[in-house]
Amino acid sequence: MKARKGRVVFHIDMNSFYASVEAVHDPSLRGKPLAIAGNPEERKGIVVTSSYEARAKGVKTTMQVWEALRKCPELIIRPPNFQRYRAASLEMFRLLEEYSPLVEPVSIDEGYMDMTDVFRNGAGAEIAGELQEKMKRDLGLPCSIGIAPNKFLAKMASDMKKPMGITILRKRELDTKLWPLAIGEMHGVGEKTAEKMKSLSIETIGDLAGSDMQMIEGVFGVRGRKLHERANGYDLREVDPESVNVFKSIGNSVTLPSDTRNDEKIASTLKSLSASVARRMKKKEVCSSNIQITIRYKNRKTITRSRQLTNPLTEEEEIFKEAYFLFNKYWNEEPVRLLGITSLDVTPLKEAYKQLDLFTYKEEEKQAKLSETMEKLKGQFGEEIFNIKKTKTQKEEKKRCPKRNKP
């Protein structure tokens with residue numbers, strides 16, 4: 001698949017994500033039927049997700065725990081650990097950003113990547129295999145990848161082969177790969193919509209693609225028009241890294257005109273990227289407590305390094321200072337092809353204003369310690385200890401204690 005005038009979009013879909021993360025945490029679970037569910041001791045709750053070994057025995061998402069155990073008596077059940085899954089998700093998206101700055105998370109375990117520039121620079125579909133292999137090797141997490149000219153087709157493609165599948169879906173292949181699928185398998189079509197479609201004799205995605213758009217819009221409104229367009233392979237939505245909230249990061253990267261070791265060019269590029277990131281952060285009214293840089297070398301080797309900050313920042317100068325520090329610490333002095341800066345752990349300013357005022361923070365910290373000391377002294381010597389007469393001047397105090405340096 002080559003990018004000329006069109007786009008190349010990847011959809012990354014992690015396979016049995018929660019179960020896979022648990023298997024990384026506890027390797028003894030690998031290759032065994034595993035389900036993530038609530039109240040496993042009491043055999044209550046529902047299955048949130050399950051491993052492919054459990055699915056092969058009939059265990060399904062939303063199934064009651066008792067029913068899952070009846071279908072698979074050897075089923076291992078673990079309660080969900082969302083903190084663990086969130087940490088793994090952040091690592092997953094950081095890995096994706098090594099390949100493209102345009103990464104859009106859509107949930108904890110899936111996201112889109114705009115790979116158009118990567119393909120235009122000569123890389124082919126084999127880069128998907130490299131990414132998939134690195135995800136499995138470095139994080140221990142399997143994924144499926146859909147490759148297509150837009151987000152909808154990429155999403156449909158990633159569902160076509162699981163686990164560890166890579167599927168390319170071109171527009172010229174819609175009649176053989178997409179249109180024969182049942183209408184209920186179309187992304188964006190829920191159970192009720194599928195039933196309503198069937199009442200209109202629309203059984204497959206191909207039936208929807210060939211139906212009268214005005215009729216579909218009349219029944220389903222604007223959403224019907226969008227579904228009709230997507231069934232025909234049209235989707236103009238861009239991959240937008242800023243479209244999410246909970247996983248949001250703000251970053252920019254640039255491929256240099258030529259590979260360079262020149263410190264001035266590198267510093268100038270980092271300053272420009274810092275200005276861009278700061279501008280976007282101010283527009284979104286957010287701050288960041290974690291700055292990450294991306295360095296890609298002539299041989300396409302890419303590294304990302306980040307630094308957790310004590311206090312969140314928003315200003316261009318602060319971002320550049322942290323990014324330049326990271327660059328000088330981790331650069332191997334080989335020619336650089338691409339540089340990127342990303343602000344991670346983004347927080348709305350209105351939620352972090354107390355952290356931003358370092359002076360106030362230190363003053364409050366000192367005040368808290370002072371108050372604690374005063375309370376201890378009061379407890380030992382009584383309230384009268386702080387009833388100091390105000391008639392005594394500093395001059396008199398110095399005469400009484402001439403060796404004191406402080407009043």
Side-chain angles (χ1 to χ4, degrees), residues 10-32 34 36 49 51-52 81-115 118-119 123-147 154 158 161-167 239 241 247 249 251 253 290-308 326-327 329-332 334 336-342 344-345:
F10 281 17
H11 180 260
I12 312 298
D13 194 359
M14 306 307 293
N15 301 147
S16 188
F17 182 61
Y18 293 174
S20 297
V21 173
E22 292 296 340
V24 171
H25 181 72
D26 181 359
S28 69
L29 298 173
R30 292 175 184 169
K32 297 179 180 179
L34 170 67
I36 309 302
T49 190
S51 65
Y52 282 90
N81 186 325
F82 292 107
Q83 184 176 359
R84 185 177 295 159
Y85 308 148
R86 173 70 188 277
S89 178
L90 290 172
E91 289 299 313
M92 175 193 89
F93 284 111
R94 285 172 185 169
L95 188 151
L96 298 184
E97 287 172 352
E98 294 181 13
Y99 289 82
S100 171
L102 296 175
V103 176
E104 177 185 337
V106 293
S107 72
I108 195 171
D109 63 347
E110 65 175 311
Y112 295 102
M113 304 171 67
D114 191 321
M115 299 290 283
V118 177
F119 272 60
E126 63 272 8
I127 200 167
E130 177 189 316
L131 189 160
Q132 187 183 65
E133 182 183 346
K134 187 170 185 179
M135 188 80 72
K136 191 74 170 66
R137 182 183 68 245
D138 294 359
L139 303 183
L141 301 174
C143 69
S144 292
I145 302 176
I147 307 174
S158 68
K161 187 178 180 183
K162 290 183 176 181
M164 292 291 285
I166 297 175
T167 305
V239 175
F247 304 104
S249 62
S253 66
N290 195 338
I291 295 297
Q292 173 184 281
I293 63 162
T294 301
I295 306 172
R296 180 171 297 158
Y297 296 103
K298 183 178 180 179
N299 62 358
R300 294 192 59 79
K301 179 183 177 182
T302 305
I303 66 166
T304 59
R305 297 293 183 269
S306 61
R307 186 183 190 191
Q308 191 72 42
L326 288 167
F327 177 82
K329 184 174 181 179
Y330 294 106
W331 181 38
N332 66 7
E334 290 297 314
V336 174
R337 171 170 293 186
L338 174 145
L339 288 170
I341 298 177
T342 304
L344 305 172
D345 301 340

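Since we're looking at a predicted model, the values are computed, not measured.
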Suppose we screen for side chain to side chain donor-acceptor pair (under 3.5 Å). Which residues come up paired with [X], at least two apart in sequence or across chains?
X: E334; result: none
X: S51; result: E53
X: Y330; result: none
X: S253; result: none

message: Test: salt bridge (charged side-chain N to carboxylate O under 4.0 Å, His left out). Region: residues 290-300. Which pairs qualify, not counting sequence neighbours?
response: none

For [X], what residues pass the side-chain contact (heavy atoms from CB on, under 4.5 Å) criterion, not counting sequence neighbours?
X: R307; result: L309, E322, F325, L326
X: K32; result: I76
X: S20; result: S16, L141, P142

- request: Evaluate whether atom CD of Q308 has more than 12 neighbouring non-hydrogen atoms of other residues, nucleotides or ligands under 6.0 angstrom away.
  value: yes

Atom pair [atom1] ([X]) and [atom2] ([Y]), whose distance is rounded to the nearest 0.5 Å:
X: L339; Y: T294; atom1: CG; atom2: OG1; value: 9.0 Å
X: Y85; Y: H25; atom1: OH; atom2: NE2; value: 9.5 Å
X: L344; Y: L90; atom1: CG; atom2: CG; value: 8.5 Å
X: I145; Y: I166; atom1: CD1; atom2: CD1; value: 5.0 Å
X: N290; Y: S306; atom1: CG; atom2: OG; value: 4.5 Å

message: Going by side-chain hydrogen bond (donor to acceptor under 3.5 Å, both in side chains), name the pairs with one or both residues in residues 131-140, residues two or more places apart or in two chains.
response: E98-K134

Tell me, please, which residues at least two apart from [X] pass salt bridge (Lys or Arg N to Asp or Glu O under 4.0 Å).
X: D13; answer: K162
X: E130; answer: none
X: E22; answer: R84

- prompt: Step by step, would you call F82 with I108 a side-chain contact (heavy atoms from CB on, under 4.5 Å)?
  reply: CA-CA 10 Å; F82 292 107; I108 195 171; 5.7 Å; no

- request: Show the numbers, then the answer: is there a side-chain contact (heavy atoms from CB on, under 4.5 Å) between R94 and Q292?
  value: CA-CA 9 Å; R94 285 172 185 169; Q292 173 184 281; 3.8 Å; yes

task: Apply the test side-chain hydrogen bond (donor to acceptor under 3.5 Å, both in side chains) to residues S144 and N15: give CA-CA distance (whole Å), side-chain angles for both, the deciding distance (0.1 Å), then the verdict.
output: CA-CA 7 Å; S144 292; N15 301 147; 3.1 Å; yes

- request: Could you walk me through whether V103 and F93 pass the side-chain contact (heavy atoms from CB on, under 4.5 Å) test, one step at a time?
  value: CA-CA 8 Å; V103 176; F93 284 111; 3.9 Å; yes

task: Among I127, V118, T302, find the one that has a side chain to side chain contact (heavy atoms under 4.5 Å, CB included) with Y99.
output: I127

